[in-house]
Amino acid sequence: MSASPDLEQHPRIPGGRWLSTYAVLAYLFLHLPLLILMVFSVNASRFTVWEGFSLRWYAEALHDQELMESTLNSLIVAIAATGFATVVGTLCAYALWKRASRWIAAGLALSLVTPEIVMGISLLAFFQWVFRHFDFRLGLHTIVLAHVMFSVVYVVTVVLARLRTMDPSLEEAALDLGATDWQAFRRVTLPLLAPAIGAAALLAFIISFDDYVITSMVAGVDSQTLPMALYAMARRGVNPVVNAISTLVVGLVGTLILVSERLRAR
Amino acid sequence: MGEVLELRELSRHYPAQRALDELSLNVSEGEFFSLLGPSGCGKTTTLRLVAGLEAPTSGRILLRGEAIEHRRPHDRNVSTVFQNYALFPHLTVRENIEFGLRHRHGGRPVDADKRIVELVEMLQLGDKLDRAPEQLSGGERQRVALARSLVLHPDVLLLDEPLSALDPNLRKQVRDELKALQRRVGITFLFVTHDQEEALYLSDRIALLNAGRLEQLGTPQEIYQHPCSRFAASFLGRVNWLNGTGIRPEATLLSRDQPANSERVYDSVVQRCVFLGNHLHVEAELSGGEHFIAELPCNSEGFQAGERVHVWWRAEDELLLPI
């Protein structure tokens with residue numbers, strides 16, 4: 001095996017070959033199921049026997065009314081939730097940067113470690129309590145609210161990490177040169193934060209698009225999202241359409257993650 | 001020349017510390033005024049209070065006779081050159097220089113373009129205008145920071161240790177340029193430094209601060225030659241101490257023969273004698289155990305370690321400290 005030039009600079013690790021084998025196995029363990037899913041998504045056969053390459057399941061997926069509707073719902077929810085979560089999260093990170101508060105930071109971390117099912121149940125209870133007093137029902141809007149709630153903390157984390165690397169005297173310099181607080185934020189801080197905000201928004205989008213547990217608790221009868229539709233289909237029995245649509249989702253999410261990482265490194 | 005800036009009993013107290021305690025001083029129009037002192041003496045705090053980046057606990061700040069201590073930073077006609085320059089990394093040199101003109105109270109001045117052209121020429125930034133700050137050297141960054149502030153024609157330019165980020169070789173050259181620039185633009189400079197040599201070299205007047213209080217205020221010569229305290233004497237340069245009397249090393253003399261015309265003569269033993277180019281550095285121990293340093297002209301004859309000599313000085317060279 002030929003080592004890449006930058007690996008050669010490092011001293012040889014004892015048992016390096018075993019370590020490489022271990023790494024390959026670990027990666028297979030992580031990604032083999034996905035690989036199998038992708039392979040069977042282009043299999044001509046309905047069953048888990050290879051019969052030849054075909055895109056028929058993709059065509060079927062794209063013509064499935066229920067799947068397409070739920071995909072549209074997922075996109076609407078993810079875009080709306082991302083919009084709110086990004087604005088709220090960015091402002092929250094900015095505030096925490098300006099005035100660090102251990103209690104507020106701890107409160108945010110709490111929402112990160114609350115089990116999803118608990119959050120789902122509590123939201124359902126909350127909405128039911130609200131429904132007694134106000135006339136509205138479960139639907140896409142309740143899903144959006146729930147998604148904003150759990151994705152804000154991710155936005156805060158990403159944006160705050162970037163703010164902490166920023167020189168506080170830049171904003172002071174802007175004020176000193178005659179900018180108002182808003183102009184200093186708008187012309188200096190915001191442009192410097194833009195890549196991190198972009199990365200945070202993509203992350204929020206992915207988290208929202210992927211969510212099943214909380215969504216299934218707070219969704220109304222006519223507001224099925226893509227993960228819910230896929231779950232229902234998979235439970236009804238083997239269906240290669242599920243493989244096809246799942247492969248598309250993996251592709252989309254993978255691309256977004258790559259873009260997000262790029263932005264974060266900028 | 002009138003006063004441009006006046007501080008009246010200006011204080012900034014933190015729960016655990018009095019960063020600045022009742023500082024009063026006046027800065028005249030066109031003056032190069034330095035705030036000198038060790039770290040934590042309150043010099044940077046003073047600058048930030050004048051800029052409006054911090055609020056005073058009590059006291060007043062008058063700029064051309066108007067109280068500004070409650071105004072927001074953007075509403076004060078002063079400008080700061082930050083220690084690390086704080087250039088906006090996402091803007092070009094030109095956009096950095098124009099930033100203040102865009103946001104200035106009352107809109108872009110009619111002679112804005114002329115101001116920019118003049119400063120760019122004066123600071124030799126002509127071929128750097130489209131660069132990003134990260135492509136500039138330390139000295140160039142400093143010049144951009146100066147241009148960015150000076151283009152606003154501030155009543156006072158505030159400089160927070162602007163030379164400390166430069167490497168030592170460059171520092172002396174930039175120091176000269178800074179002094180020349182100040183003479184040329186005629187704007188009042190309020191300069192913060194912990195380097196006494198820099199302060200002596202650049203300033204018309206120096207305010208020496210210690211632990212948040214004004215220790216002494218005067219011209220470089222006054223403070224160096226007539227320090228008001230042991231702290232002031234020692235901070236401005238090396239001092240040999242004997243029974244509470246201070247003598248600067250350059251006023252300390254050495255001779256093998258008994259000097260005739262002085263009462264201040266002490267038997268001593270030479271410990272070290274080093275040639276430092278511009279002077280001869282001699283360390284000697286007085287019979288009472290005091291450690292003295294003498295800086296003799298470089299053409300003086302050398303001394304051997306262990307040699308018995310007389311350390312002496314003229315009475316008029318003693319630093320007179322009020323008791």
Side-chain angles (χ1 to χ4, degrees), chain A residues 86-87 90-91 93-104 155 158-202 259-266, chain B residues 44 47-54 71-92 95-109 112 132-134 141 144-154 156-162 165:
Chain A
T86 306
V87 172
T90 300
L91 294 177
Y94 184 68
L96 279 174
W97 179 58
K98 286 261 147 163
R99 178 174 286 187
S101 156
R102 196 180 298 174
W103 290 107
I104 298 176
V155 176
V158 172
V159 175
L160 193 56
R162 168 57 61 95
L163 277 167
R164 293 212 166 112
T165 67
M166 232 173 78
D167 179 0
S169 64
L170 289 175
E171 230 180 48
E172 293 185 344
L175 294 174
D176 187 75
L177 291 167
T180 59
D181 293 282
W182 166 248
Q183 285 169 332
F185 178 74
R186 170 75 193 75
R187 301 256 169 233
V188 175
T189 312
L190 204 57
L192 291 171
L193 277 185
I197 294 174
L202 290 175
V259 175
S260 165
E261 283 301 313
R262 268 282 168 85
L263 285 173
R264 231 190 312 184
R266 226 161 71 177
Chain B
T44 298
L47 209 66
R48 292 175 60 82
L49 290 172
V50 175
L53 300 171
E54 277 183 53
R71 292 205 200 153
R72 301 280 303 139
H74 61 83
D75 208 15
R76 306 177 177 205
N77 196 22
V78 296
S79 191
T80 309
V81 174
F82 288 82
Q83 187 165 13
N84 58 1
Y85 310 137
L87 300 181
F88 305 124
H90 59 300
L91 302 178
T92 63
E95 289 165 336
N96 264 281
I97 295 174
E98 288 188 335
F99 189 93
L101 293 171
R102 276 180 67 172
H103 295 101
R104 213 183 67 122
H105 216 61
R108 195 180 164 96
E134 61 174 17
R141 278 178 211 191
V144 176
L146 281 166
R148 185 174 76 169
S149 287
L150 287 173
V151 79
L152 297 173
H153 290 182
V156 182
L157 184 70
L158 311 169
L159 301 105
D160 188 6
E161 309 227 10

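Since this is a predicted model, take the numbers as computed values, not measurements. Proteins come first, then strands; the chains are lettered A, B, ... in the order of their sequence lines, and each starts at number 1.
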Worked verdict on His103(B) versus Leu177(A) for side chain to side chain contact (heavy atoms under 4.5 Å, CB included): CA-CA 7 Å; His103(B) 295 101; Leu177(A) 291 167; over 6 Å; no
Under 4.5 Å from a heavy atom of chain A, the part of Leu158(B) involved: neither
Heavy-atom proximity to chain B below 4.5 Å, by part of Ala174(A): both
Distance in Å, His90(B) NE2 paired with Thr189(A) OG1, rounded so as to fall on 0.5 Å steps: 8.5 Å
Atom pair CG (Leu170(A)) and CG (Asn84(B)), whose distance is rounded to the nearest 0.5 Å: 7.5 Å
Enclosure of Arg262(A) CZ (heavy-atom neighbours >12, cutoff 6.0 Å): no
Stepwise side chain to side chain contact (heavy atoms under 4.5 Å, CB included) test for Phe99(B) and Arg187(A): CA-CA 9 Å; Phe99(B) 189 93; Arg187(A) 301 256 169 233; 4.0 Å; yes
Which portion of Asp75(B) sits near chain A, non-hydrogen atoms under 4.5 angstrom: neither
N/O donor-acceptor pair under 3.5 Å between His74(B) side chain and Asp181(A) backbone: no
Interchain contact, Asp176(A) with chain B, by part (heavy-atom threshold 4.5 Å): both
Neighbour count >12 (heavy atoms, 6.0 Å) for atom CZ, Arg108(B): yes
For Phe82(B) against Ser169(A), the heavy-atom pair lying closest together: CD2-CB, 3.9 Å
Interface moiety of Arg76(B) toward chain A, non-hydrogen atoms closer than 4.5 Å: neither
Gln183(A) versus chain B, the contacting section by heavy-atom distance below 4.5 Å: side chain
